[in-house]
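Here the structure is laid out as structure tokens; the discussion comes afterwards.
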Amino acid sequence: MGRISSDRFFYISLFSFLLMGYLCISGCKNPFQTRSSPPPVISEGTWETPGLPEIVIQNLLHAYNEKIIGNFIQCLCDSFRFSAPEDSIDATNQGRPELFADWDRSVEISVTTSIFNTSRQNPDSFGYVLWFHSDAPVPDEVGDKQAVFCRDYEFLIFDFKVTPPETILTKGTATFHMKETSLNWWSIYFWSDLPAEADKDDWADFKAQFR
Amino acid sequence: MLRFVSFVLITLSILLLEDAFCAQLRLDFSQDNRTYIWNTRLDCGRGLNQGLSWGFSSAINSMLIKRSVFSHNQDRWQEDGKINLNLNYALTSRLKIGTLFSQNINSLEKRKVISSEYGITIEYNISGVRFVQTIGGKDIDRRLEEGKRRDSGFNHRLEISHSPHLLSESVTHISFSQSTSQLSNIPLLERDFSILFSKNFSSEDSLEFFYHEGWSKKKFYRGDLTDFQINTQRKSQRIINLRSSIQVPFDIRVNFDFDFVSSGFKYSGEPVFHSPGLTDNFSDSQNFILKINRQFFKSLSLGSFYKYLETEEDYADDQKDQKMKSGELGGNLQIKISEKDSLYLTTTIGVISFYAPVSAQFNDRDILTLFAWGEYLHVFNPIFCLRLEGGFRNFHQVYISNRLSANNNHNQTYLLSPTLIWRPHRNLDLKQNYNIQANYIYYDYEKSMESTKNRLFRRASSSTSINYHIFHQVIFTFDYTYRYEDYGQLIWRGQWVQRPSWERRTHSFSLSMEYMPAKSWVFSPEYTYQKRRSWDHFTDLVTLKKSRTLSDKFYRNMISLSCKYFIDDRNYISLAGAHRIQKSTLSAEETSDYATVSVSRVF
């Protein structure tokens with residue numbers, strides 16, 4: 001049996017690749033077909049193209065208050081990290097240093113999904129309102145590809161499931177480090193949170209309850 | 001305290017490191033408006049004589065946030081650091097004894113946690129099996145404004161590891177460890193077991209397998225320092241990784257990777273007033289990726305892959321439960337068409353599906369992702385070439401429930417970016433880049449309506465960069481960028497048309513110099529100027545006349561200077577500072593200062 005020529009190898013291999021690709025995408029059922037959905041009963045949330053870093057902050061604020069996880073996820077970079085340096089000390093103090101450790105994008109999404117779900121499922125007994133102060137504590141730092149924004153926030157939590165019912169107001173400063181990529185526009189790659197007063201609760205404490 | 005320790009460390013490093021076997025010192029300082037950060041790191045070790053050696057490592061990080069004069073709060077100091085010291089003596093080739101001391105400090109104002117460990121270690125080898133035992137004590141000292149609390153007790157750690165030689169061209173490593181901390185209130189017990197096996201069957205084919213099983217039981221405090229409860233956490237974890245690579249007939253390379261991670265947390269103990277209960281939770285995650293690659297005639301490379309990922313989170317409170325399944329198919333092509341032309345193309349398609357329990361089914365959703373990217377390079381001659389880049393990305397988000405299906409939308413981004421690179425003289429480099437981007441967002445249930453939610457964001461920019469080497473020691477760089485952006489409603493009239501809402505034009509230019517007066521010195525001053533104007537667009541509803549008004553003018557001036565003395569990548573001193581002034585018609589003038597100092601030395 002003679003050797004197969006390299007040209008023939010080329011065509012056999014190319015054919016194999018095309019055949020495999022065809023089989024993958026043309027089965028009995030399209031594996032990349034999304035599920036269908038019924039028409040909406042309520043209006044949609046607020047989201048804008050993050051063509052500027054400040055729009056990312058607005059998108060995050062709207063996604064949090066409107067509890068739309070899909071919009072929230074689009075604010076985060078693949079290399080996202082969250083840090084709460086003061087709360088980490090308290091966690092270390094209580095013997096749980098892992099509570100704020102390795103807080104990456106998947107942890108943030110998991111935690112936020114839990115927060116949104118809990119709030120949406122119990123609208124009469126559990127909820128929150130987040131708002132940012134209009135005056136930034138330090139000037140925004142915007143470069144060509146990177147930006148740092150500090151925002152003082154107030155986070156009001158209503159929890160009527162506990163006895164007695166509670167309304168907790170937490171205050172703090174969130175610092176968002178953002179970067180711009182060609183197809184992803186602007187997104188947050190590092191988010192750190194500090195309470196307004198040492199030893200007081202902040203947004204990170206609330207998030208950690210859902211981790 | 002830590003600042004004093006860092007000073008002592010630096011002094012000691014200068015005095016003692018002359019004879020050290022190996023050492024690395026790293027000092028960094030940065031100031032960004034009211035935030036000051038100091039990082040200090042020192043690692044060193046030395047073999048003193050036959051069998052006797054010591055090692056020392058420390059890392060201290062300090063951060064000061066100075067409060068605004070308009071704020072009632074005070075400055076905030078936060079420091080954390082760790083110090084490790086060990087002394088070892090090899091009695092025989094199989095038996096080694098030693099001592100160790102380590103201390104971790106975390107402090108924030110009056111809150112401080114200091115944990116110290118000390119002990120003796122015995123390391124011995126019997127028939128290739130390595131035993132390491134550490135016996136000692138552990139102290140955790142916690143201090144808060146309302147008081148202090150101390151935990152101390154006995155500490156024991158045992159590590160057993162063995163690397164048997166089972167097959168040729170293979171590595172096998174088996175290890176087991178157990179740590180016990182018999183602290184008075186919060187004891188800890190941890191066990192870990194792992195197996196690693198890897199084998200190279202040939203220069204092309206390999207297999208690697210890793211298995212890890214971990215279990216721990218720990219007690220921890222909840223609540224205030226003076227009014228606390230002790231809870232128990234039981235954690236279990238299992239990890240399996242598989243990596244394989246094989247060359248099959250027709251010179252096709254196949255890679256198959258598989259990962260499985262399973263973890264569970266169980267909590268028990270008294271609930272704490274004003275604090276949510278900790279819920280048991282379990283999570284499983286598994287993914288595999290199959291990659292196929294083939295090289296043709298050294299000029300064409302074809303590849304494709306399929307990724308599958310599945311995760312499941314299970315909480316005792318099923319409101320938070322979630323499952324996710326994701327599949328992604330992709331391919332890439334790299335071809336050298338001729339001596340002057342080359343092309344790279346890559347594309348992927350994938351769907352991520354989220355499944356929530358019945359009580360939270362409104363959050364069920366699918367995300368379809370389409371991505372395509374291409375790069376083409378044409379070399380006209382050795383001093384002139386063209387690079388063309390372009391891409392497309394589409395997200396289609398579909399919420400299954402009618403409670404959220406109003407958010408179902410397509411989010412599409414298109415990009416085209418040609419770049420010309422010209423080197424008319426050996427001392428002169430010119431680069432011209434053009435960039436066009438567009439982002440279309442339209443909502444599935446509002447496509448036919450004139451909805452303000454359907455939007456188009458467009459951006460175009462032109463960048464010019466000139467690099468001129470006057471001498472070997474001096475390089476001048478000039479950059480100019482013009483950027484145009486507009487944003488507006490997207491209306492479907494057989495095709496998409498835009499109704500502009502605003503537009504923005506930005507001019508940025510920078511002039512910088514790199515001056516190297518000597519081989520190891522670099523000075524780099526830079527000046528940057530940016531001017532941005534924004535307009536709002538209006539349409540008169542009666543006359544349909546379009547107009548625009550200037551809504552904002554923005555100016556930024558920044559001057560920076562950096563100086564670096566370097567021997568190589570690991571031995572250098574650098575200083576950098578910047579002063580920035582910016583003003584907008586919408587805000588007052590802002591002035592900012594930045595400074596960084598870095599020292600790195602390897603002895």
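We name chains A, B, ... by the order of the sequence lines, and we start the count at 1 in each one.
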Worksheet item: A:T49, A:T46, A:T113: which one forms the most heavy-atom pairs within less than 4.5 Å of chain B?
Response: A:T49
Worksheet item: So which part of B:A588 gets closer than 4.5 Å to some heavy atom of chain A, the side chain, the backbone, both or neither?
Response: neither
Worksheet entry | Region of B:S353 that comes under 4.5 Å of a non-hydrogen atom in chain A | both
Worksheet item: For B:N408, is it the side chain, the backbone, both or neither that has a heavy atom under 4.5 Å from a heavy atom of chain A?
Response: side chain
Worksheet item: Considering only heavy atoms, which portion of B:E389 lies under 4.5 Å from any heavy atom of chain A: side chain, backbone, both, or neither?
Response: neither
Fill in: Contact leader toward chain A among B:T506, B:I441, B:T369, B:L456, where contacts are heavy-atom pairs under 4.5 Å
B:I441
Discussion item. So B:R365 and A:R35, do their side chains get closer than 4.5 Å, heavy atoms only?
Written reply: no
Fill in: Residue B:V113 versus chain A: region with a heavy atom under 4.5 Å
side chain
Discussion item. To the closest 0.5 Å, what do you measure between CG (B:N407) and OG (A:S37)?
Written reply: 10.5 Å
Item to complete: Side chain from CB out, backbone as N, CA, C, O: work out which of these in A:V111 comes under 4.5 Å of a heavy atom of chain B, or both, or neither.
Response: neither
Worksheet item: For B:L404, is it the side chain, the backbone, both, or neither that has a heavy atom closer than 4.5 Å to a heavy atom of chain A?
Response: side chain
Worksheet entry | chain B-proximal positions within residues 66-76 of chain A [heavy-atom distance under 4.5 Å] | A:I68, A:I69, A:G70, A:N71, A:I73, A:Q74
Worksheet item: chain B heavy atoms under 4.5 Å from A:D140: which part of the residue, side chain, backbone, both or neither?
Response: backbone
Item to complete: Answer with side chain, backbone, both or neither: which region of B:N411 has an atom nearer than 4.5 Å to a non-hydrogen atom of chain A?
Response: side chain
Practice prompt. Please step through side chain to side chain contact (heavy atoms under 4.5 Å, CB included) for the pair A:V142 and B:R556, ending with a clear verdict.
Written response: CA-CA 10 Å; A:V142 184; B:R556 178 187 294 152; 3.7 Å; yes
Discussion item. Only pairs of heavy atoms separated by less than 4.5 Å count here; which of B:D151, B:D366, B:L368 has the most with chain A?
Written reply: B:D366
Worksheet entry | Residue part contacting chain A, namely of B:R403, when any heavy atom lies under 4.5 Å | both
Response to the item:
Separation between CG (B:N281) and CZ (A:R211), nearest 0.5 Å, reads 10.5 Å
Response to the item:
Most heavy-atom pairs under 4.5 Å with chain B, out of A:S106, A:S88, A:P195, belong to A:P195
Worksheet, complete the sentence: Honestly, the part of A:W185 sitting under 4.5 Å from a heavy atom of chain B is side chain
Worksheet entry | Nearest heavy atoms of A:S110 and B:Y315, plus distance in Å | OG-OH, 3.9 Å
Worksheet item: Of all of B:Q530, B:K453, B:Q233, B:H396, which one pairs up most often with chain A through heavy atoms under 4.5 Å apart?
Response: B:K453
Worksheet entry | Set of side chain to side chain donor-acceptor pair (under 3.5 Å) partners for B:K218, sequence neighbours left out | A:E98
Discussion item. Suppose we screen for side chain to side chain donor-acceptor pair (under 3.5 Å). Which residues come up paired with B:E485, at least two apart in sequence or across chains?
Written reply: B:R459, B:R504
Discussion item. Regarding A:E86 and B:R111, does a basic nitrogen lie under 4.0 Å from an acidic carboxylate oxygen?
Written reply: yes
Worksheet item: Going through the distances and angles, do B:I65 and A:L194 end up as a side chain to side chain contact (heavy atoms under 4.5 Å, CB included)?
Response: CA-CA 11 Å; B:I65 301 173; A:L194 285 176; 3.2 Å; yes
Discussion item. Quick check for you: to the nearest 0.5 Å, what is the distance between B:D444 atom CG and A:S36 atom OG?
Written reply: 11.5 Å
Fill in: With sequence neighbours excluded, residues passing ring-ring contact (aromatic ring centres under 6.0 Å, His included) with B:F392
B:Y414
Worksheet item: Measuring heavy-atom distances to chain A, does B:L108 have an atom under 4.5 Å in its side chain, in its backbone, in both, or in neither?
Response: both
Worksheet item: Do the non-hydrogen side-chain atoms of B:Y594 and A:E141 ever get within less than 4.5 Å of each other?
Response: yes
Discussion item. Side chains of B:N409 and A:W47, heavy atoms from C-beta outward: is any pair under 4.5 Å?
Written reply: no
Worksheet entry | Proximal component of B:D32, with respect to chain A [non-hydrogen, under 4.5 Å] | side chain
Worksheet item: If every non-hydrogen atom of B:S405 is compared with every non-hydrogen atom of A:P39, which pair is closest and at what distance?
Response: OG-C, 3.5 Å
